[in-house]
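The block underneath contains the structure these notes are about, expressed in structure tokens.
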Amino acid sequence: MVDTPTLLVMKFGGTNMQGAAAIRHSASLVARSLNAEVRVVVVVSAMSGVTNLLLGVAEAGEKGDIAGANDMIAALRTRHFTAAQELGAAPDSATVRELRELLETLRQAVYGVYLLRELTARSRDLIVAFGERLSAPLMSLALEASGHRPHHLTGGQAGIVTDAHFGSARPLSSTAGRIRDRLGGLLDAGLTPVIAGFMGETEKGATTTLGRGGTDYSATIVGAALHASEVWAWKDVDGVMSADPRAVQGAQNIAQLSYGEVMELAYFGAKVLHPLAVTPLQDAGIPLRVKSAADPDFPGTLVTASPDTDSAHPVKAVTAIRGVSIINVSGAGFLGVPDVVADLFAALARENITLLMVSQSSSMSNVSLAILSSDEERTLEALGRPMGGRPMQLDVQREVAVLAIVGAGMRGTKGVSAKLFGALAGDDINILMISQGSSELNISVAIEGRDVDGATRTVHTAFGLDAAVVAS
Ligand code: ASP
Ligand code: MG
């Protein structure tokens with residue numbers, strides 16, 4: 001293993017990779033830290049918009065629209081070749097050849113989907129992971145141009161081995177050792193590894209992805225395996241914000257958060273990090289910094305086990321998830337029958353459905369579930385069968401949003417929920433569901449989707465988050 005005092009893992013998001021200029025700037029952020037005492041492992045996202053485009057390519061293939069798929073691949077080719085050229089690659093260079101080969105393999109994979117008219121989760125993962133495989137060589141070019149010695153790898157080559165849950169794969173325990181094996185030698189040789197984020201592979205070598213936004217997770221998996229000093233996630237925002245700045249003008253940077261708080265924020269819709277990203281860092285206590293590429297000297301957000309807390313601000317952030325549906329499950333004989341409840345949750349687990357909120361009437365005659373509307377069809381199907389041997393009645397309410405307030409300081413602080421409900425009532429906002437986990441890290445409410453922006457602003461102000469200096 002590496003015997004240097006400091007190892008940093010730096011992750012760059014899609015916006016930080018969106019074109020030659022952005023990639024050059026990202027490489028300069030790596031170069032600022034790299035020196036004889038500091039080694040850096042780089043983990044990159046696909047160029048912005050590319051993952052969505054690849055999903056479109058895969059779907060076009062499945063629908064039989066091969067011309068449409070090929071047009072999109074041509075657009076990808078132009079975008080990556082242009083960036084490579086602007087980063088100094090000659091037309092006959094190894095990088096251009098590599099990009100050409102990757103794009104050809106992608107074209108063949110999509111052609112396979114087209115012939116079969118079948119898009120499995122497995123083929124979708126193979127196809128979408130090309131975004132990161134195509135961007136990693138571009139980062140290598142930029143690092144080379146600034147005098148460094150990069151070496152790029154796919155997630156699998158870097159040692160990330162996962163289960164076969166295509167679309168939301170999880171690393172296996174063999175990953176850490178494998179990463180140390182694969183990267184230790186490169187680091188010892190003075191090379192800077194550049195890893196294609198978002199992806200891993202199964203034991204049998206099939207490409208998997210870690211879920212949308214998964215490059216954060218790749219970076220923390222690698223950081224934990226290598227016992228990195230810190231993981232830095234470079235973004236196009238000033239770190240983690242107290243609310244979505246597009247909805248709330250007064251939203252501001254949060255200086256410090258705990259692993260638990262950041263997980264709640266990510267789970268409840270803050271797009272800043274993959275919800276599982278901090279999990280690999282927790283045991284080892286490795287700090288995560290979320291930093292702004294536009295303002296690299298700004299400290300951003302520091303995520304650790306025990307951040308400084310500010311008792312004046314028990315709530316640190318307000319988040320919202322839009323596009324939510326509430327499914328109300330009821331049925332004759334539901335009343336308190338454990339079998340019904342057990343079957344219900346088993347059915348949801350089988351379908352891998354994310355439950356945003358659950359609440360149960362105290363008479364136990366019905367259960368309400370808040371889920372993403374994109375999961376609605378699968379949920380209704382999963383719950384469409386009898387539960388505990390009894391047929392269930394399912395009622396759906398659409399166009400709902402879940403608003404959550406998050407902060408470890410809420411624990412033991414009185415009056416937080418009163419303030420939340422008071423603020424919402426003052427704005428004439430109707431609450432459809434309520435939940436507070438016993439961890440007291442968050443309180444969430446389901447409200448009408450049309451109320452969400454106004455509610456977020458009101459609640460943000462009510463908790464003194466506008467303009468105030470949050471927990472520093
Ligand atoms: N490119 C992938 C996505 O857009 C992974 C990532 O950016 O973290 O979801
Ligand atoms: Mg992205």
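Start at 1 and go down the list; that is how both ligands and their atoms are numbered. Because the structure is a prediction, the values reported are computed rather than measured. Note: hydrogens, waters and symmetry copies are ignored here, and every other heavy atom, side chains too, is used.
- The shortest separation from a heavy atom of G131 to ligand 1 is not under 4.0 Å, leaving the residue out of contact.
- In terms of modelled atom types and a separation under 3.5 Å, the side chain of T175 and the main chain of I160 share no donor-acceptor contact.
- Around CD of E377, the count of heavy atoms belonging to other residues, nucleotides or ligands within 6.0 Å does not exceed 12.
- Among the atoms of G213, some N or O lies under 3.5 angstrom from an N or O of ligand 1.
- Relative orientation of the Y111 and Y114 rings is tilted, given thresholds of 30° and 60° on the angle between their planes.
- Of all atoms in ligand 1, listed by their number and element, those nearer than 4.0 Å to a heavy atom of R212 are 3 (C), 4 (O), 9 (O).
- Only the side chain of E132 comes within contact range of ligand 1, with a heavy atom under 4.0 Å; no backbone atom does.
- Of the possible polar contacts, one joining the R79 side chain to the Q18 backbone as a donor-acceptor pair under 3.5 Å is found.
- When the salt bridge (charged side-chain N to carboxylate O under 4.0 Å, His left out) test is applied to R178, the partners found at least two apart in sequence or on another chain are E203.
- The shortest N or O to N or O distance between D216 and ligand 1 is not below 3.5 Å.
- Checking each of T301, T15, D216 against K235 for a side chain to side chain donor-acceptor pair (under 3.5 Å) leaves exactly one that passes, namely D216.
- Looking at T215 against ligand 1, both its backbone and its side chain come within 4.0 Å, counting heavy atoms.
- Which parts of ligand 1 touch S45 is read off a 4.0 Å heavy-atom cut-off, strictly below it: atoms 6 (C), 7 (O), 8 (O).
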